[in-house]
Amino acid sequence: MEFLCHHRDRSDSLALRMELLEEHWSYMDRFAQEMIARGPTLAGDGETPTGSVHILDLPDAATARAFAFDEPGYQAGVYRDVLLRRWRDLLGRTMWDFPGGPTDGDRFLVLGLGAGEAADLTVPAGRGDDLIAYGPLLSDDATAWLGTAALLRASGPAAARALLTEERYAEIEVHAWRFGGRSQ
């Protein structure tokens, strides 16, 4: 079962986040084999973290909840909230398989929060070379569509947002994002 977890930082938690960085990475190292994608969302300066995204293949919802809420930053109060949803990998690859590599172009997390009938359930034509991860957000039992999530390379936030069918969503969020994990 695949899950998307987006921890969103409190506005005043950067110092605590940085203090816990090694604990965060050590915790994530335990899930290396399950990772499909990972990395921080970033403020407008392209450097300051505002959250943390992890897409993983885990055995069940209980394991996903434990992953999200046992994370050291969550336990210490770094985050204001956590979005945890079932997800379906429509690309069938991890971010490490992305042909553009970790540094080619600007990267974004796009979250489309659903409003009614499911939308964007297939990989958008002509965008495959820019998609790092793409798939629907689903209810815990995977029977209801709740939205769409993508990590992609784009020329800017507006181009990233245009990936989704705007009128089919209650809200679309676009966050600057970069490949995460330990520096090699």
Side-chain angles (χ1 to χ4, degrees), residues 1-8 28 31-42 46 49-61 63-65 67-68 82-181:
M1 293 181 185
E2 296 154 338
F3 295 86
L4 179 137
C5 180
H6 182 199
H7 291 94
R8 301 169 196 242
M28 293 304 157
F31 296 92
Q33 295 302 311
E34 292 84 5
M35 288 281 175
I36 295 168
R38 67 186 288 185
T41 55
L42 305 165
T50 61
S52 191
V53 176
H54 297 88
I55 302 174
L56 307 98
D57 189 355
L58 297 170
D60 53 45
T63 304
R65 284 185 193 90
F67 167 83
V82 178
L83 173 69
L84 179 63
R85 292 283 184 255
R86 287 278 302 269
W87 185 75
R88 186 172 302 124
D89 181 3
L90 295 183
L91 298 178
R93 67 178 186 222
T94 71
M95 72 179 204
W96 297 277
D97 300 321
F98 173 61
T103 59
D104 180 26
D106 293 333
R107 311 304 173 84
F108 299 91
L109 164 67
V110 178
L111 293 171
L113 305 177
E117 188 177 335
D120 301 317
L121 294 176
T122 60
V123 176
R127 297 297 301 260
D129 289 347
D130 291 326
L131 294 174
I132 300 162
Y134 184 88
L137 297 168
L138 305 166
S139 60
D140 283 351
D141 64 3
T143 61
W145 175 83
L146 303 175
T148 304
L151 297 171
L152 74 151
R153 174 180 54 193
S155 59
R161 182 184 193 86
L163 178 73
L164 300 182
T165 309
E166 181 100 22
E167 64 274 7
R168 300 298 295 277
Y169 296 90
E171 183 177 350
I172 296 177
E173 298 178 10
V174 178
H175 305 270
W177 174 85
R178 72 170 171 239
F179 276 49

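Numbers here simply count residues along the sequence, with the first being 1.
Counting heavy atoms from C-beta on, the side chains of F3 and T63 never come closer than 4.5 Å. For the pair L83 and L4, the minimum side-chain heavy-atom distance is below 4.5 Å. R85 is listed as a side-chain neighbour of L146, based on a closest heavy-atom distance under 4.5 Å. Annotation: side chain of M35 is not in contact with side chain of M95 (no heavy-atom distance under 4.5 Å).
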Trace of the side chain to side chain contact (heavy atoms under 4.5 Å, CB included) decision for L152 with I132:
CA-CA 5 Å; L152 74 151; I132 300 162; 5.5 Å; no
Working for side chain to side chain contact (heavy atoms under 4.5 Å, CB included), residues R127 and L163:
CA-CA 8 Å; R127 297 297 301 260; L163 178 73; 4.1 Å; yes
Test ring pair (Phe, Tyr, Trp, His ring centres under 6.0 Å) on H54 and F67 and set out the steps.
CA-CA 10 Å; H54 297 88; F67 167 83; 5.7 Å; yes
Residues L90, T122; criterion side chain to side chain contact (heavy atoms under 4.5 Å, CB included); working and verdict:
CA-CA 7 Å; L90 295 183; T122 60; 5.6 Å; no
So R65 and D140, side chain to side chain contact (heavy atoms under 4.5 Å, CB included) or not? Walk me through it.
CA-CA 11 Å; R65 284 185 193 90; D140 283 351; 2.5 Å; yes
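One finds the OG1 atom of T148 at 11.0 Å from the CZ atom of R88 (value rounded to the nearest 0.5 Å). Rounding to the nearest 0.5 angstrom, the gap separating the CZ atom in R38 from the CH2 atom in W96 is 6.5 Å. The structure places CG of D106 at 11.5 Å from CG of D130, a figure rounded to the nearest 0.5 Å. For the atom pair T94 OG1 and E34 CD, the distance stands at 13.0 Å (nearest 0.5 Å). A distance of 11.5 Å separates CG in D89 from CG in L56, rounded to the nearest 0.5 Å.
Across all their heavy atoms, C5 and V82 have their closest contact at SG-CG1, 3.9 Å. For the residue pair F179 and R107, the shortest heavy atom distance occurs at CE1-NH1, 2.9 Å. Considering every non-hydrogen atom in both R8 and L111, the closest pair reads NH2-CD1, 3.9 Å. For the pair A160 and V110, the tightest heavy-atom approach, listed with the atom from each and the gap, is O-CG2, 3.6 Å. Scanning both residues, A37 and L151, for their nearest heavy atoms gives CB-CD1, 3.6 Å. The shortest heavy-atom contact between R93 and F98 is NH2-CD1, 3.7 Å.
Side-chain atoms of W87 come within 3.5 Å of backbone atoms of G135 as a donor-acceptor pair (strictly under, hydrogens ignored). Using a distance-only test at 3.5 Å, with no hydrogens or angles considered, a donor-acceptor pair links the side chain of D57 to the main chain of M1. Although no hydrogens or angles enter the test, the distance criterion places no donor-acceptor pair under 3.5 Å between the side chain of R86 and the main chain of T143. Side-chain atoms of R178 do not come within 3.5 Å of backbone N or O of P40 as any donor-acceptor pair. A donor-acceptor pair under 3.5 Å links the side-chain atoms of T41 to the main chain of G51, judged by distance alone. Looking only at distances, a side-chain donor or acceptor of R161 sits under 3.5 Å from a matching main-chain atom of I172.
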